[in-house]
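Only one structure is covered here, and it is reproduced in the block below.
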Amino acid sequence: MQYWLFKSEPGCWSWDDQKAKGQEGEPWDGVRNYQARNNMMKMKKGDLGFFYHSQKQRLIVGVVEIIKEHYLDYTAEGDDRWQMVDIKAVADLKKPVNLREIKEHPDLETMSLVKQGRLSVGAVTKKEFQTILKLGDTNI
DNA sequence: GCCAACGTTGGC
DNA sequence: GCCAACGTTGGC
């Protein structure tokens, strides 16, 4: 089992939008970054991840599950081979975790979210995942 | 609104 | 293949 982090501007695609999709989930399309794509290609069905609101809020708001492994992004053009995965909402973080808490936490300050702010789909270690769940007062 | 960080592009 | 210029993202 591996853990991940999906970043989105809430004005574009929010946690509420994601939750509205329910069990059906939604393709994480439009990723145009090789590192993010490579991360998606490593994802397995059943892996868990966080849903992060970037920009104004800067909060980890929920937990998602990968429900479909990588396939061709239908927004890719021509010979592009951009990939996407499907994710569904699993749980709210009872207490959303903000970026400042993450930066100040000794176990979290090395997260890719902190070190590589611009990466839209990042990996999270098991320890980081569990630490954030604890900060968020949430059990899965 | 500004700026730093980073990825991408294109000239050589 | 290198590197400067440029564009984009996201934190502040």
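What's counted below: heavy atoms across the whole structure, side chains too, no hydrogens, waters or symmetry copies. Not measured: the values here are computed from a predicted model. Lettering follows sequence order; numbering is per chain, from 1.
- Phosphate contact (OP1/OP2 of C/dC12, side-chain N/O of A/K103, threshold under 4.0 Å): present.
- For the pair A/K68 and A/Y71, the distance from NZ or CZ to the six-membered ring centre is under 6.0 Å and the angle to the ring normal is within 45 degrees.
- Between A/E104 atom CD and C/dG11 atom C1' the separation is 15 Å, expressed in whole Å.
- A/L99 has its CG atom 18 Å from the P atom of C/dT9, to the nearest Å.
- For A/R32, the salt bridge (Lys or Arg N to Asp or Glu O under 4.0 Å) partners two or more places apart in sequence, or in a different chain, are A/D73.
- Nucleic acid contact for A/L119: none, since no nucleic acid atom lies under 4.0 Å from a heavy atom of the residue.
- Between the C1' atom of C/dT8 and the CD atom of A/Q116 lies a distance of 15 Å, rounded to the nearest Å.
- Interface residues of residues 34-42 of chain A facing DNA chain C, ordered by number: none; criterion, heavy-atom separation under 4.0 Å.
- Between A/Q57 atom CD and C/dC12 atom C1' there is a gap of 16 Å when expressed in whole angstrom units.
- No salt bridge links A/E109 with A/K103; every basic N to acidic carboxylate O contact stays at or beyond 4.0 Å.
- For A/K19, the side-chain hydrogen bond (donor to acceptor under 3.5 Å, both in side chains) partners two or more places apart in sequence, or in a different chain, are A/D92.
- Looking at residues two or more places apart in sequence or on another chain, you find a side-chain hydrogen bond (donor to acceptor under 3.5 Å, both in side chains) between A/Q116 and A/Q35.
- By the side-chain hydrogen bond (donor to acceptor under 3.5 Å, both in side chains) test, A/W82 pairs with no residue at all, sequence neighbours left out.
- Between A/F50 and A/W4, a ring centre-to-centre spacing not shorter than 6.0 Å is recorded.
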Within the sub-3.5 Å range, which N or O atoms of nucleotides 4-7 of chain C have a protein N or O partner, and how far apart are they?
from	atom 1	to	atom 2	distance (Å)
C/dG7	N2	A/R118	NH1	3.4

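- Checked by atom type and distance alone, the side chain of A/N39 never pairs as donor or acceptor with a backbone atom of A/A36 at under 3.5 Å.
- Following rounding to the nearest Å, A/N33 (CG) and B/dT8 (P) show an atom-to-atom distance of 6 Å.
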